[in-house]
Amino acid sequence: MEDFQRTVVKSCVKVYLCSNPEDSVEERRALREDVFPKVRDYCRRAHGLEFKVIDPYEGLDPQDVSDPGGQKVRLQLLEECRKDSAGPFLVALVGRQYGSAVLPLQVEVSEFQNVLQTGQQMDLDTQVLQQWYQRDENTIPPSFCLLDHHRCDQVDGKASAINLQDVHQELRTVFHTIVTRCIQEGSMTSEKAQKYFRSALDEELHFALENRSKEDIARCLCYVYKIIRKQRQRKPLKDRNINPNSSDDHLSNLCDHFLPGLVTSCQLQVYTTTSVFELRPGDPTGMRRWYTDGLCQQLYTDLLNLINCTVAREMDGFDDTLSQELVQQANLCHVYSSLYRVRCEEVQHVKAYLQQKETEYPLILYGGPCTGKTVLLAHCASQVSSWLDGRDPEMVVRFINGGNSTVEQLLTSICNQLAMSYDQPQLHIPWDVNQLRKAFKNLLIMASSSLRSLVLILDGLDQLPVADGLQSTWWLPVSLPVNVKLLISTAPKKSGTLQALKALYPESTLFLEVKSKDKRDCSKMLKDLLFSCSRRITSGQQMHVNQALKECSLPLYIELLHRQVCNWNSSLDISEESITKGVHENIRMFLVRLELDHGKELVSKAMCYLTIARSGITEAELTDILSCENDVLSQYLPAGEALPYKLRVPEAKVENMLHDLRGFLMKRNIAGFQVLFWPSRHFPLVIHKLYLCCAETVRKAHGMLANYFSGQWTKPMPISQHLSTPQVKTYIDRQIPGQPWVFDSSSKRMDINVRKILELPFHLKKSGRLEELVREVMMSPGFHQGMLGAGHLEGLVSDLKDTSKFMSSRELGFLARIVMDAACLLHGSPGGLTAVMQAKLFPFLNVLPELESYAKQIYLEGVQTQGVNVLCSPASAVPSTCWTPPDVDASPIMEVLDTQCDMDNGSVSIFDLEDNCQLATCTTSMETSIMNVLCCEGKHSMVCVDRSGNVFVWNITSITNPKLRKEFFSTDDQEEILNAEYLVENSTFLVCKRHEIVLWDTCEWTLDDQFKAPQGKTFIQAVLAKEGLLIIACLEDCPFLLVWKRSTGQCVLSLDIGHSKALKLLKMGSVLLAVTVNGIITTWDLDLIWATSVIPKTGVKVERLAVESTGEHFYTSDGTQLVWKWGTLCSKPEGHFFHDGPVDTFTLSVDSEYLITASSGDIYIWQTTTGENLQRIHGSHASSLLITPKGNLAVSLCEHGLSSVWNLKSGHVVCNVNLHLKNAVISPESTFILGLHKFDLLAVSLWSGYVSKRFSCSGQSKVIAFQPLLDYPDYVALITMSGNLYTWKVTEETVCKHIHVPGAPLIKPELFQLSSDGNYAVLSTAGATINILDTVNGKLCSLQAEGDILMGCLDTTGRYAVLISNAENPDDCNCDLHSQPVLSAVRISNGKTVGRFYLCKVPSTLSLSKDLCAYVGFVDGSVGVYAISDAVESSMMVERRLSLIGQQKPCLCEEPHCWLPMEKPSITWIDPYVCTL
């Protein structure tokens, strides 16, 4: 964990704006309104950083500007910027005014007395010094301290009428005169006297730049503006009165010596602008505006350049969830250990425990509130390495936050860290708690065998959510393996955790109570705190402090007491009542003082937002949110002036407040951002009592944060300037940044808005805006993409599941299931979300209409980012959820009990429950055991089923005299029934036996249907689903459930139950549950099962596929009697063409008007629009069919016998071809039949059937493949066995081009494809490589796929290759995303993969249309259509698909058309020359 402990996170570019406030008003306003917002936006997009500028004089009253006490705070803010900024930290504006000298806040006694004595010798009136400087023995060393204007009433009862600016100016004058004399007399050195002469600007620049490293100085920018006046001739130097301490000389020294010296020595960036003014004195407005405009442009450019050069994101190497968690925990450990200030005896007990060789039980620390358990454990964690020196211990530290941690999250985090430490695989897929418990146990055992000891520290075990109840301890190990140490802290009473731990470890004595601290240690802590700020208290004051420490000695109380006593001066009389008692009362008083110093509205609102934030708030976010509070912003509206269009709460105001909260409010790292949080839970408790006591107030506060993180405040918001006229609104731009889920970044990485994904869902839920939470967040692809990109996959699943408990349970649960199933892919490739959702979600939109908007957003995102998008997607499997009840692994489940009626004598008794008497008895004729009794309401019938499946129907109109109405006897009375089910809605009664399922129509009690078990299998149970339209059954020794469509008897689905035996099926509402032998319960949504069952598929492997030229329809055959016609965008077959035998082949005319099929010696001509069989020709055993491009002739090619050319419309033979042509095609001009015969390429005339042209190779070579060039109709490209590629002009029988292909043995004739212009040719595939020949340059190119290439197609234009290959699967994952092939599109020109799509099932054929849509047939008879959205040609299909999302509603009873053939042939071909009608 050491690497993470050393990681310092800087998430903000924090710049201090140094200037003379009187000389830079316009410049600072222009920068604030026009430059800094743009820089902030750049930092967010380019570096994922926040940006803020602290202008210490913004929003200050003139009285506060000159307040000497403010200078100390300003220097502290400047130092914070230097330490905390991730980039530049200083921008200095030096004008022509030096500024007033800063009065010293305190002067040592000897020095002050020297000043007074010198002044008296000069006969100066020093009364003002004596009046405003008061001796204070509580300072170290004792000094005279300047009274601040809040305490000036101690000086004069009429102090409110005093103008402090005049007083301060008088003090400066007196000091300047006296100190100058002291320097001349030698009683004070010039260096020591500088504090009396330096202005705030000069002091800040020296503080920031003097004696700093070159690295720090390189992060500064200085801008100097000089004005030279040519009014009159300047006096010679010798005639001028030289005062080395004048403001002009100080300014000259600053601009001409100090800053240039740093430019030379440290390369400080200083920009000087000089203006020459020849008229009257003054600073004309035009010249100032010119300088301001130039400054804005220059500063913007310089800041961006400096940010790019100096910014370093320390989190770049820790961008996965586990690393972020470890950095966060290490950061918390550092924060808490820094609070260890009081010596604790318990530390030695912890040290002794860790140094023991064998410890069977954990060491458990318990103690009351504020006893310092967390600080103690953090301190111990920081000391472990030194205590166990030489053992190199592995440390796992977790500070549990009750609001954000669950047992599952905690265990997952710990297990993953242990797995990383001991080189084990990570737990990427979300596991249930039982699996996590086993993994945790195994990892502890593994750690015990390691040379490195394991120290596991869990702080605040009682902070786990109450919902987990006693389960907060059940997962802990009963005993610890050797070499493993476990430290646990808990409260003694909360949630019963301590009692549960004692019950878990009844024999352990390792329970250590953390008690309150000793008074002497507390007194020493207070003394150290005072000494750190150069303060102390008198002995009289110490007496009252000691008494207070007797009553309360908690560390937090000492911190609060320090804030109180550090403001005491030595002359202050202290009584017992002066000291506030109790922790909570001290916190309340501290907040009251904070309100007095900074304003009630600012403090109250800030405390609320800091407290209710889920993970904390950054400083920049806090200023943003406060700027959106009209009550706060109204405090900074300019009095008597028109409201500005742009206005924010001054950053300095917020920073000053946060400065006073230092020590109580601290920073921690959350996902790479430094957020503010309360280390002690008592501050939030008091804040809730003071500011959040009303539920409505809490709800509104959460609503404000939700508005901020949702980006609703980016536009100007209204505000009333005068409370008397609230109806008059003025819109002010608060300069609030936008809140996209993913920042629009020029970098290749995905810049996630981590703050939004962490905070927005939480605040929407807390504010009661549940519909917005579901619609705008949980069903937002941006949120999903952001969570995955930030590495929070488990968090996304958890959020979806939690939200599904109160809204949109089916939809959100379904999304969670998809993400979980695809976790193996999304962990490493979050950008694959769009493809996963298109594959997994789109087939089910018909039953999940609430997800239509989500699907449209996913599709739009896919079109923009994914090169391949779905047009028609078949479902791969029905999503399911598996879970294991606790402790079921003790023994396998043998039986699931169900209540049933079992009457051995075949009789059923009817009772009146109100009167408790028997009304009647029904006795069957078989006298066998009755298994089921069902009453049909409204039909006055009772149905009894015995063990053999015999059915008896009784008329119970007269309840006291039931009469046997019908009885049905099973044909196989030796076989007992397994279960029976009555479906009222469909009047269906199901009886399941081992070898058959029987369905009865209960209206007339007739046998409706029977289903036999598959050969060699027997049923275990069967149920009806979806109003009786589906039958779902589990079978003996079968790892899946089978789903039959009742109307067709076809088995349409199989439901995986995880390679186990199903024992019981249960229906609960719309959910189906299956209980297996190994104790796993698997659930499915019945509506999703139905949606999958109605997705069209023929059930037989697609063998051939043809697409219409318009792309509206496509046709498939599967070797059966059917050719299917599909609608491309409607995702279903419109009908099928029936034949009297299996279909051998088929083809489409170019205009798609005609479909020609060949089956069992007959040729069928169909009209595609109507489905009419126009002709049926007998007498041809065609193995291949061709239609000319003009559509007037057709060719039936036979492997044995004559091939015929015939008129498409009449069926008359035009000519016959005696030779068998292999791989035959018709030339583009409809002139020749081109084909191979004995390795020669022949061109046979379509009108005579004779060979007109021939291409033969000389020597041993043979033609093995060819293809016409569509762009050049007279040319054919062909390739020979020897690897020569020729371009042959058929009409002239001339060879126009000859290329020798390297690696000729690799050529595969069946894969040979050519672009229409002949520039590219596909030659072969080898494993994951496809070889493409660039015929223009004569180069052989190899393109790589993910895995072994199964199929491939070349686009006719030669721009793209579409490949189906095995998916990359390095971890041997068995999910369908990795185990099944993937479709990818590759751009030929550069070999880049432009898109990919997960097919999730086994493909059987591939075809690519002219509009660049890939049609994939699958072995289950389904078809998928995918558009290459990277190409323009497919844009129309993509737009149409987008418009159809949510528009297609399936009809439950709609069946595809069946187009029947002619009963008899209309034409018979008798011989080559005669055809008979």
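Position 1 is the first residue of the sequence, and the numbers go up from there.
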Ring pair (Phe, Tyr, Trp, His ring centres under 6.0 Å) between F197 and H176, intermediate numbers included: CA-CA 7 Å; F197 303 130; H176 187 279; 5.2 Å; yes
Centroid-centroid distance, [X] to [Y], less than 6.0 Å:
X    : Y    : value
F258 : H206 : yes
F144 : F112 : yes
Y223 : Y291 : no
F590 : F664 : yes

Step by step, would you call Q541 with N138 a side-chain hydrogen bond (donor to acceptor under 3.5 Å, both in side chains)? CA-CA 10 Å; Q541 294 167 346; N138 282 0; 3.2 Å; yes
Apply side-chain hydrogen bond (donor to acceptor under 3.5 Å, both in side chains) to N656 and H598, showing your working. CA-CA 8 Å; N656 288 336; H598 303 285; 5.8 Å; no
Is it the case that the side chain of [X] and the backbone of [Y] share a donor-acceptor pair, with hydrogens and angles ignored and the cut-off at 3.5 Å?
X    : Y    : answer
Q564 : S578 : yes
S627 : T623 : yes
D55  : A652 : no
T264 : P260 : yes
S85  : K14  : yes
N569 : D136 : no

Taking every non-hydrogen atom, the tightest pair across G59 and K653: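 So the minimum-distance heavy-atom pair works out to O-CE, 3.6 Å.
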Angle between ring planes, [X] versus [Y], binned at 30° and 60°: parallel, tilted or perpendicular?
X    : Y    : answer
H250 : Y98  : parallel
H168 : W132 : perpendicular
F175 : Y133 : perpendicular

Begin from the C-alpha positions of D202 and V102 and carry the test side-chain contact (heavy atoms from CB on, under 4.5 Å) through to its verdict. CA-CA 10 Å; D202 197 355; V102 179; over 6 Å; no
The test is salt bridge (Lys or Arg N to Asp or Glu O under 4.0 Å); show your working for E111 and K192 and say whether it passes. CA-CA 10 Å; E111 184 178 329; K192 196 171 186 179; 3.5 Å; yes
Does [atom1] in [X] sit with more than 12 non-hydrogen atoms of other residues, nucleotides or ligands closer than 6.0 Å?
X    : atom1 : result
D166 : CG    : yes
E210 : CD    : yes
Y271 : OH    : yes
K226 : NZ    : yes

Please test T126 against Q130 for side-chain hydrogen bond (donor to acceptor under 3.5 Å, both in side chains), starting from the C-alpha separation and ending with a verdict. CA-CA 7 Å; T126 59; Q130 299 174 31; 3.1 Å; yes
Evaluate L560 against I587 for side-chain contact (heavy atoms from CB on, under 4.5 Å), listing each step before the verdict. CA-CA 7 Å; L560 291 163; I587 294 175; 3.6 Å; yes
Quick one, E26 with R28, criterion salt bridge (Lys or Arg N to Asp or Glu O under 4.0 Å). Give me CA distance, side-chain angles, the key distance, then yes/no. CA-CA 6 Å; E26 294 302 323; R28 290 186 291 117; over 6 Å; no
Step-by-step salt bridge (Lys or Arg N to Asp or Glu O under 4.0 Å) determination, K524 to D528: CA-CA 6 Å; K524 183 179 182 303; D528 292 340; 3.0 Å; yes
Roughly how far, to the nearest 0.5 Å, is SG of C81 from CD of Q76?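 Here the rounded value is 12.0 Å.
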In sequence, state the C-alpha distance, the side-chain angles, and the governing distance for S534 and T139, and then conclude on side-chain contact (heavy atoms from CB on, under 4.5 Å). CA-CA 6 Å; S534 300; T139 61; over 6 Å; no
Pairing of R135 and E137 as salt bridge, 4.0 angstrom limit: yes
Check ion pair E27-R288 (N to O, under 4.0 angstrom): yes
Stepwise salt bridge (Lys or Arg N to Asp or Glu O under 4.0 Å) test for K72 and E203: CA-CA 11 Å; K72 180 180 179 181; E203 187 174 358; over 6 Å; no
Please name the residue in the list R219, K214, R212 that meets the salt bridge (Lys or Arg N to Asp or Glu O under 4.0 Å) test with D216. R219
Matching residue for R74 among E79, E204, E655 - test: salt bridge (Lys or Arg N to Asp or Glu O under 4.0 Å): E204
Step by step, would you call E50 with T618 a side-chain hydrogen bond (donor to acceptor under 3.5 Å, both in side chains)? CA-CA 9 Å; E50 292 187 316; T618 68; 2.7 Å; yes
For S532, check side-chain contact (heavy atoms from CB on, under 4.5 Å) against everything at least two apart and list the hits.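 In terms of side-chain contact (heavy atoms from CB on, under 4.5 Å), with neighbours along the sequence ignored, S532 is linked to no residue.
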Please name the residue in the list N305, V13, V39 that meets the side-chain contact (heavy atoms from CB on, under 4.5 Å) test with P88.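 Going through the options one by one, the only one that passes is V13.
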Side chains of N20 and L93: does their closest heavy-atom pair fall under 4.5 Å? no
What residue among Q674, K667, K10 forms side chain to side chain donor-acceptor pair (under 3.5 Å) with D84?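 Only match with D84 under side chain to side chain donor-acceptor pair (under 3.5 Å): K667.
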Derivation of the side-chain contact (heavy atoms from CB on, under 4.5 Å) call for L146 and L171: CA-CA 10 Å; L146 176 67; L171 288 170; 4.1 Å; yes
